[in-house]
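Only this structure's heavy atoms are used, side chains among them; waters, hydrogens and symmetry mates stay out.
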Amino acid sequence: MTASDVTGAPPENPGTRAGKTSNGKTPAGKNRRLHPAWIVAAVAFLALVGAAGFRAAPGVLMVPLQEEFGWSTTVLSLAVSINLVLFGLTAPFAAALMERFGIRKVTSLALCLIGLGSALTVFVNQSWQILLTWGLLIGLGTGSMALVFAATIANTWFAKSRGLVIGILTAGSAAGQLVFLPFIAALAQNPGWRGASLLIAAGALAVVPLVLRWLRNSPADVGVLPYGAEKPDGGKPGDEEPDAKEADVGTNATTQSRPAAVVASPGSGDSPNAAIRALQVLKRAAKVRTFWALAAGFAICGATTNGLIGTHFIPSAHDHGMPETTAAGLLAVVGIFDIVGTIASGWLTDRFNPKVLLAVYYQFRGIGLLVLPLLLGSSVEPSMIIFVVVYGLDWVATVPPTAAICRSVFGADGSVVFGWVFAAHQLGAAVAALLAGFIRDATGHYNYAWLGAAAMCTVAAVISATIRKDAVKKEPVPVA
């Protein structure tokens with residue numbers, strides 16, 4: 001007896017399989033199994049959480065290292081700056097490496113580098129050694145797991161809801177700080193900063209088995225189309241419709257709507273040399289004004305997040321008499337609201353003009369930095385809580401609209417272009433981290449750093465608001 005005899009349902013038509021009709025659509029009322037893209041996104045989220053552990057560490061560990069070894073703020077800021085520079089410059093090459101060798105291999109190697117660099121930190125006793133561990137090893141590892149990883153996953157596996165997916169994955173970095181920061185701060189107090197370093201190493205390495213088991217390189221690996229992509233014959237898998245509204249940045253629809261996985265299959269070995277491809281993409285992108293506008297804005301974004309708040313907020317709060325664990329708790333709250341803000345930004349990016357969103361985000365951040373010197377003190381006042389909430393919502397909310405513009409303007413090159421834009425983000429962060437450390441050593445406080453960053457945010461808001469909508473029409477970019 002067949003299932004149709006029991007249920008009374010008509011037998012399946014020839015050509016219909018997996019619960020779909022002959023035209024490729026799922027009948028109303030049928031249950032649809034989870035698309036593999038969401039499993040990949042979940043594992044990618046966990047990988048970003050594991051890789052983000054070190055992002056919270058310098059601000060917490062800076063004071064204990066100074067107390068034990070007597071190193072200046074400038075020296076430790078230099079180690080962070082090297083990390084941030086490599087974090088940024090590795091990103092575009094990592095995107096090309098993912099296309100060449102596959103997302104899974106590159107991600108696993110990156111997590112191992114982070115774990116190794118953090119574990120070796122416990123043996124340092126000279127300042128040059130912290131430059132090697134914090135700077136070189138962890139910089140290369142985190143650079144390969146930079147936010148370009150989120151863009152690559154979204155562009156490869158999703159044709160629908162890319163902005164939302166990038167927002168969720170970007171929030172993984174914030175979740176990493178949320179998960180690790182309170183523990184790092186507690187361990188830095190007792191038993192000490194070495195225990196905190198080992199926690200970071202364990203967090204990165206714990207994700208590697210999940211990546212090897214579940215993180216697939218492309219939809220073709222499991223015999224599906226990207227989530228929401230149209231079938232070649234015009235049918236659609238289930239109810240996965242393409243985006244109804246793409247980002248309004250004045251690009252042509254043909255380039256916008258091409259799923260990245262159709263253009264290239266990561267790990268297929270068909271891509272050119274990763275370094276050559278990354279440099280070729282940079283050469284093409286450099287001819288487009290929009291690229292430079294995004295890079296300038298993102299450099300300021302990096303300076304005002306990773307460079308200043310991420311690195312120097314806890315030491316600055318310590319200068320005002322606030323306990324390090326309390327300041328670390330405030331940054332953890334930033335992480336909580338960053339998750340909310342970034343996911344919301346991804347949702348908004350799918351619906352509104354991304355350049356307008358960028359301008360609003362940067363201006364609100366500038367206002368927060370302008371008043372920060374007035375809020376710091378030995379205790380947490382309600383005004384500081386308001387700052388933490390607002391700054392958290394705005395922390396990396398800039399990523400989804402920036403990635404959307406890169407994808408819209410540069411098509412199949414979008415992930416690699418975003419890697420270069422992210423490189424500018426980290427270069428800005430590196431300069432700000434080092435400069436703020438110098439300002440602290442020279443003046444005894446961070447006030448000039450906060451005020452200068454506020455002014456830069458206004459510049460970024462103006463640059464973002466004036467991104468040209470006809471950049472592609474006037475300066476077309478060939479798609480590889």
Where do Q426 and N306 land on the side-chain contact (heavy atoms from CB on, under 4.5 Å) test, with the steps shown first?
CA-CA 8 Å; Q426 295 308 107; N306 302 72; 4.2 Å; yes
Are [X] and [Y] packed together at the side-chain level, in the sense that at least one heavy-atom pair is separated by less than 4.5 angstrom?
X	Y	result
M98	T156	no
R277	D413	yes
V399	V396	yes
L358	I405	yes
L97	S144	no

Go through it in stages, so that I can follow the logic: the residues are F352 and W347, the test is ring-ring contact (aromatic ring centres under 6.0 Å, His included), and I'd like the CA-CA distance, side-chain angles, deciding distance and then a yes or no.
CA-CA 9 Å; F352 298 100; W347 184 86; 7.1 Å; no
Does L369 form a side-chain contact (heavy atoms from CB on, under 4.5 Å) with Y391? I'd like the steps, not just the answer.
CA-CA 9 Å; L369 287 167; Y391 213 85; 3.6 Å; yes
Under 6.0 Å between the ring centres of Y227 and W38?
yes
With a 6.0 Å cut-off on ring centres, are W420 and F410 close enough?
no
Test side chain to side chain contact (heavy atoms under 4.5 Å, CB included), reference I309, set V334, I314, L331, T304, output is L331
Exactly one of L169, I168, I166, V165 clears side chain to side chain contact (heavy atoms under 4.5 Å, CB included) with I343, and that residue is I168
List the atom of H312, the atom of A433, and the distance in Å for their closest heavy-atom pair.
NE2-O, 2.8 Å
Report yes or no: does R365 contribute a side-chain atom to a donor-acceptor pair with the main-chain N or O of D394 at less than 3.5 Å?
yes
Are any side-chain N or O atoms of R104 and backbone N or O atoms of R216, one a donor and one an acceptor, separated by less than 3.5 Å?
no
For L210 and L215, run side-chain contact (heavy atoms from CB on, under 4.5 Å): C-alpha distance rounded to whole Å, both residues' side-chain angles, the deciding distance at 0.1 Å, then the answer.
CA-CA 7 Å; L210 296 176; L215 189 63; over 6 Å; no
Under a 4.0 Å threshold between the charged nitrogen and the carboxylate oxygen, would D350 count as salt-bridged to R162?
no
Is there a donor in the side chain of S345 and an acceptor in the side chain of Y361, or the other way round, less than 3.5 Å apart?
yes
One pair to check against side-chain contact (heavy atoms from CB on, under 4.5 Å): S81 and V431. What are the steps and the verdict?
CA-CA 7 Å; S81 294; V431 171; over 6 Å; no
